[in-house]
Peer 1: 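Let me begin by handing over the structure; questions about it come next.
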Amino acid sequence: MNTDKTISGAEAMLQALLAEGVDTVFAYPGGSIIKVFDALYGHRTDLRQILVRHEQGATHAAQGYARVSGRTGVAIVTSGPGATNTVTGISDAMLDSTPIVVIAGQVSTDALGTDAFQEIDLVGVTQPITKWSYQIRSAEDIAWAVARAFYIAGSGRPGPVVLDFTKTAQMQQIEFKPAKIDYIRSYIPVPDPIEDQINAAVNLIDSSRKPLVLVGHGVELGHAEKELTEFIEKADIPAARTLLGLSALPSDHRLNMGMLGMHGNLAPNVKTNECDVLIAVGMRFDDRVTGTLSTYARQAKIIHLDIDKSEFGKNVKPDVTVLGDCRQTLRLLTERMSKSSHREWIESFKPLDKEEYDKVIDIAVNPKDGPLKMGEVVTEVSRQSPPDSVLVTDVGLNQMSASRYFKYRVPRSIVTSGGLGTMGFCMPAAIGATFGAPERMVLAFFGDGGFQMNIQELGTIMENGAAVKMILLNNNYLGNVRMWQQMMFDNRLSCTHMMNPDYCKIAAAYDIPYALVTDRAQLKDAVRQMISVKGPFILEAAVLEEENIMPMIKPGNSVDKMIFSI
């Protein structure tokens with residue numbers, strides 16, 4: 001029976017979220033979670049509730065919120081299809097180490113295992129793609145489960161956690177007291193640095209003549225941007241960044257040599273196979289970075305810094321491993337290593353930079369005639385936007401072009417789907433970013449394919465006035481697949497040409513300001529108009545239909561064998 005001292009499990013869940021500092025939830029209601037939404041009605045002033053239009057959107061929005069704020073994002077959904085619709089976002093968060101907590105409704109405990117309406121074994125489904133997945137069967141477990149969920153999601157190498165919340169636990173009455181967890185037996189989120197590893201790394205760095213640092217997402221996850229800068233500046237080491245590590249170092253830093261990988265910059269990719277010491281910081285040697293492993297950095301001694309020891313030797317065998325939080329381990333390396341100069345080595349990057357500029361970049365960002373190109377649109381948006389703007393991208397050629405040509409000035413300035421490559425990620429992630437960093441401008445770049453994958457979230461933007469500046473690079477193709485078909489399948493363009501809707505009418509239906517650019521003479525003014533609008537905006541740019549993003553490492557090729565045309 002309800003007494004003055006007891007509250008429902010549903011209310012206890014919200015109290016537990018508030019105790020963790022949660023201020024925003026991305027949510028979609030349903031029968032098995034309706035008790036929680038009833039409790040949410042009483043929290044309209046202290047818990048911002050964003051009604052998304054699809055549960056996948058809730059998870060991506062939680063990701064966008066987490067990536068720019070450094071806090072754990074929260075999604076609340078119902079059971080069955082509501083829960084299974086979150087699987088893509090959970091998978092994406094796992095591969096990109098993004099801290100989110102997904103709370104899903106579940107049937108009552110007496111109905112478990114009966115194939116009840118909208119019952120699914122969510123714990124079984126999500127265990128392989130989460131840091132922890134747990135079913136709450138009793139209200140007495142709520143405080144413990146929520147505290148544990150947030151500790152696991154946000155500590156060490158971050159990632160997603162799922163709480164499967166039965167109707168029984170939601171309905172029960174309990175006397176509630178929030179829990180605090182900062183220790184779990186056998187779970188060591190931040191290992192202590194090992195002296196021998198630090199000393200071995202210092203010895204290699206001090207003896208190197210051609211060192212190269214690879215900067216990964218782990219630098220930002222560990223809030224180690226300052227430590228990274230101090231490290232590379234003392235040792236005078238050039239640095240290259242992975243896709244997710246792009247904003248860990250300002251674009252204009254003198255030691256920043258560009259982006260690694262398949263569509264990265266020529267110089268850092270070539271120099272990977274020329275350096276004598278390769279220092280990987282918070283990155284996992286993804287196949288899009290390494291190219292074929294058999295020829296990857298065979299000449300180099302490799303030092304790998306990471307908080308997750310399972311990454312050591314998974315793809316590339318290191319000579320020295322440095323386990324620990326990179327904020328701490330970088331500081332220790334900097335304190336102990338000698339101050340160095342590698343002027344001649346750094347200068348050797350410049351001819352390759354010039355070659356790429358002459359063959360690719362100048363043509364991409366300064367075309368003299370013909371249709372608009374993605375690079376010039378990205379460049380103009382970057383030029384006019386505030387210095388602390390956030391770049392959010394979808395997946396495909398729009399992603400590669402935006403990532404290459406956008407200028408990063410401050411940390412946590414890129415939100416993109418790296419490991420999973422999720423089309424449809426951009427719009428909901430950008431929504432989440434506007435709530436995670438309301439003081440920053442959010443610039444969302446799409447292709448026409450990705451824009452339509454979660455186009456329903458325009459309703460979320462409309463309802464909340466989310467100030468997402470949407471730049472639609474419309475080439476009437478699924479461009480990345482079309483490029484691969486052209487390159488490797490004798491130009492047999494199967495199911496990649498798209499008939500597009502009238503985006504002006506779609507924008508009008510959602511009451512979102514819109515502009516169309518078909519000629520480069522219109523570009524500056526259209527971007528200026530978009531930037532000046534306080535709320536959301538859709539800027540559609542009709543770009544070259546069969547534009548390819550170069551240079552490129554073809555699949556199966558060495559990292560230093562980049563091509564400039566197909």
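Just so you know, these numbers use all the heavy atoms, side chains as well, and skip hydrogens, waters and symmetry mates. Keep in mind that what you see is a predicted model, and the values were worked out from it rather than measured.
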Peer 1: Indicate yes or no for a side-chain donor-acceptor contact from Ser208 to the backbone of Ile205 under 3.5 Å, with no hydrogens or angles considered.
Peer 2: yes
Peer 1: Could you walk me through whether Thr98 and Asp96 pass side-chain hydrogen bond (donor to acceptor under 3.5 Å, both in side chains), step by step?
Peer 2: CA-CA 6 Å; Thr98 306; Asp96 286 351; 5.5 Å; no
Peer 1: Under 3.5 Å, sequence neighbours excluded: what are the donor-acceptor pairs made by side chains of residues 363-372?
Peer 2:
unit_1, atom_1, unit_2, atom_2, d
Asn366, ND2, Asp362, OD1, 3.0
Lys368, NZ, Asn366, O, 3.0

Peer 1: Using a distance-only test with no angle check, is there a side-chain donor-acceptor pair under 3.5 angstrom linking Ser558 and Asp560?
Peer 2: yes
Peer 1: If you compare all heavy atoms of Pro211 against all heavy atoms of Asp276, which two are closest, and at what distance to 0.1 Å?
Peer 2: N-OD1, 3.5 Å
Peer 1: Any side-chain heavy-atom pair from Lys373 and Val543 closer than 4.5 angstrom?
Peer 2: no
Peer 1: For the side chain of Arg409 and the backbone of Lys407, is there at least one donor-acceptor N/O pair under 3.5 Å apart?
Peer 2: yes
Peer 1: When you look at Glu274 and Lys210, which way does the salt bridge (Lys or Arg N to Asp or Glu O under 4.0 Å) test go after all the steps?
Peer 2: CA-CA 8 Å; Glu274 293 181 14; Lys210 297 188 292 184; 5.5 Å; no
Peer 1: Start with the C-alpha distance between Asp287 and Asn315, add both sets of side-chain angles, then the distance that settles side-chain contact (heavy atoms from CB on, under 4.5 Å), and finish with yes or no.
Peer 2: CA-CA 8 Å; Asp287 61 285; Asn315 295 318; over 6 Å; no
Peer 1: Any carboxylate oxygen within less than 4.0 angstrom of a Lys/Arg side-chain nitrogen, looking at Asp353 and Lys350?
Peer 2: no
Peer 1: Could you name each residue pair satisfying ring-ring contact (aromatic ring centres under 6.0 Å, His included) that touches residues 399-424, not counting sequence neighbours?
Peer 2: Phe406-Tyr408
Peer 1: Taking all heavy atoms of Val468 and all of Ala430, pick out the closest pair and write down the distance.
Peer 2: CG1-CB, 3.7 Å
Peer 1: Just to verify, what does Lys309 make a salt bridge (Lys or Arg N to Asp or Glu O under 4.0 Å) with, not counting sequence neighbours?
Peer 2: none
Peer 1: Is atom NZ of Lys561 surrounded by more than 12 heavy atoms (other residues, nucleotides or ligands) closer than 6.0 Å?
Peer 2: no
Peer 1: If you compare all heavy atoms of Phe564 against all heavy atoms of Met550, which two are closest, and at what distance to 0.1 Å?
Peer 2: O-CG, 3.4 Å
Peer 1: Val533 and Lys469: side-chain contact (heavy atoms from CB on, under 4.5 Å), yes or no, with the steps?
Peer 2: CA-CA 9 Å; Val533 169; Lys469 311 300 183 186; 4.2 Å; yes
Peer 1: Are Met470 and Phe446 side-chain neighbours, meaning at least one heavy-atom pair lies under 4.5 Å?
Peer 2: yes
Peer 1: With no hydrogens and no angle check, is any side-chain donor or acceptor of Ser389 less than 3.5 Å from a backbone partner on Pro386?
Peer 2: yes
Peer 1: Can you list everything that forms a side-chain contact (heavy atoms from CB on, under 4.5 Å) with Lys317? Sequence neighbours excluded, please.
Peer 2: none
Peer 1: What do the steps show when you test Arg284 against Asp286 for salt bridge (Lys or Arg N to Asp or Glu O under 4.0 Å), and what is the final call?
Peer 2: CA-CA 5 Å; Arg284 56 192 178 89; Asp286 177 79; 3.5 Å; yes
Peer 1: Looking at every non-hydrogen atom in both residues, tell me the closest pair between Ser403 and Ile414 and how far apart they are.
Peer 2: OG-CD1, 3.9 Å
Peer 1: Apply the test side-chain contact (heavy atoms from CB on, under 4.5 Å) to residues Thr334 and Glu227: give CA-CA distance (whole Å), side-chain angles for both, the deciding distance (0.1 Å), then the verdict.
Peer 2: CA-CA 8 Å; Thr334 303; Glu227 287 74 15; over 6 Å; no
Peer 1: Ignoring hydrogens and angles, tell me if any N or O in the side chain of Asn269 forms a donor-acceptor pair with the backbone of Gly261 under 3.5 Å.
Peer 2: yes
Peer 1: Do Arg209 and Trp345 come close enough that some side-chain heavy atom pair is under 4.5 Å?
Peer 2: no
Peer 1: Are Val390 and Leu443 packed together at the side-chain level, in the sense that at least one heavy-atom pair is separated by less than 4.5 angstrom?
Peer 2: no
Peer 1: For Gly436, does its backbone N or O pair with a side-chain atom of Ser69 as donor and acceptor, under 3.5 Å?
Peer 2: no
Peer 1: Is there a side-chain hydrogen bond (donor to acceptor under 3.5 Å, both in side chains) between Arg67 and Gln63? Walk through the geometry before answering.
Peer 2: CA-CA 6 Å; Arg67 293 271 284 273; Gln63 288 178 272; over 6 Å; no
Peer 1: Tell me if the centroids of the rings in Phe26 and His60 come within less than 6.0 Å of each other.
Peer 2: no
Peer 1: Are any of the side-chain nitrogens in Glu347 or Arg343 under 4.0 Å away from the carboxylate oxygens of its partner?
Peer 2: no
Peer 1: Tell me, with the steps shown, if Glu311 and Lys314 meet salt bridge (Lys or Arg N to Asp or Glu O under 4.0 Å).
Peer 2: CA-CA 5 Å; Glu311 290 297 339; Lys314 187 174 75 175; 3.0 Å; yes
Peer 1: Establish, yes or no, whether the cationic atom of Arg148 lies under 6.0 Å from the six-membered ring centre of Trp132 and within 45° of the ring axis.
Peer 2: yes
Peer 1: Phe451 pairs by side chain to side chain contact (heavy atoms under 4.5 Å, CB included) with which of Ile471, Leu473, Asn398, Ile538?
Peer 2: Ile538
Peer 1: One thing to verify: whether Glu335 and Arg331 come together as a salt bridge, which I'm taking to mean a side-chain N less than 4.0 angstrom from a carboxylate O.
Peer 2: no
Peer 1: Salt bridge check, Asp306 against Arg157: does any charged N sit closer than 4.0 Å to a carboxylate O?
Peer 2: no
Peer 1: Between Asn475 (side chain only) and Leu544 (backbone N and O only), is there a donor and an acceptor less than 3.5 Å apart?
Peer 2: no
Peer 1: Quick one: closest heavy-atom pair of Val289 and Thr242, and the distance?
Peer 2: CG2-CG2, 4.3 Å
Peer 1: Over all heavy atoms of both residues, which pair between Ile129 and Met94 is shortest? Give the atoms and the distance, please.
Peer 2: O-CB, 3.4 Å
Peer 1: Strictly below 4.0 Å, N to O, side chains only: are Arg528 and Glu380 in salt-bridge contact?
Peer 2: no
Peer 1: Tell me if a side-chain donor or acceptor on Arg336 pairs with a main-chain N or O of Asn199 at a distance below 3.5 Å.
Peer 2: no
Peer 1: Show me the donor-acceptor pairs, under 3.5 Å and distance only, between side chains in residues 252-259 and residues at least two apart or in other chains.
Peer 2:
unit_1, atom_1, unit_2, atom_2, d
His253, ND1, Leu255, N, 3.0
His253, NE2, Glu233, OE2, 2.8
Arg254, NH1, Asp236, OD1, 3.1
Arg254, NH2, Asp236, OD1, 3.0
Asn256, OD1, Arg241, NE, 3.2
Asn256, OD1, Gly258, N, 3.0
Asn256, ND2, Pro250, O, 2.9

Peer 1: Do His304 side-chain atoms and Val281 backbone N/O form a donor-acceptor pair below 3.5 Å?
Peer 2: no
Peer 1: Could you pull out every donor-acceptor pair under 3.5 Å between side chains of residues 183-193 and any protein atom, sequence neighbours left out?
Peer 2:
unit_1, atom_1, unit_2, atom_2, d
Tyr187, OH, Lys131, NZ, 2.9
Tyr187, OH, Ser155, O, 3.4
Tyr187, OH, Ser155, OG, 2.7

Peer 1: Counting distance only, does the side-chain N/O of Thr272 pair as donor-acceptor with the main-chain N or O of Pro268 below 3.5 Å?
Peer 2: yes
Peer 1: Would you check, one step at a time, whether the test side-chain contact (heavy atoms from CB on, under 4.5 Å) holds for Asn548 with Arg482?
Peer 2: CA-CA 9 Å; Asn548 296 323; Arg482 187 270 311 151; 2.7 Å; yes
Peer 1: Ignoring hydrogens and angles, tell me if any N or O in the side chain of Glu356 forms a donor-acceptor pair with the backbone of Ile361 under 3.5 Å.
Peer 2: no
Peer 1: Check step by step if side-chain hydrogen bond (donor to acceptor under 3.5 Å, both in side chains) holds for Asn265 and Tyr357.
Peer 2: CA-CA 10 Å; Asn265 295 111; Tyr357 183 84; over 6 Å; no
Peer 1: Would you please say whether a donor-acceptor pair under 3.5 Å links the side chains of Arg440 and Ser413?
Peer 2: yes
Peer 1: Does the pair Arg327/Glu225 count as a salt bridge with the N-to-O cut at 4.0 Å?
Peer 2: no
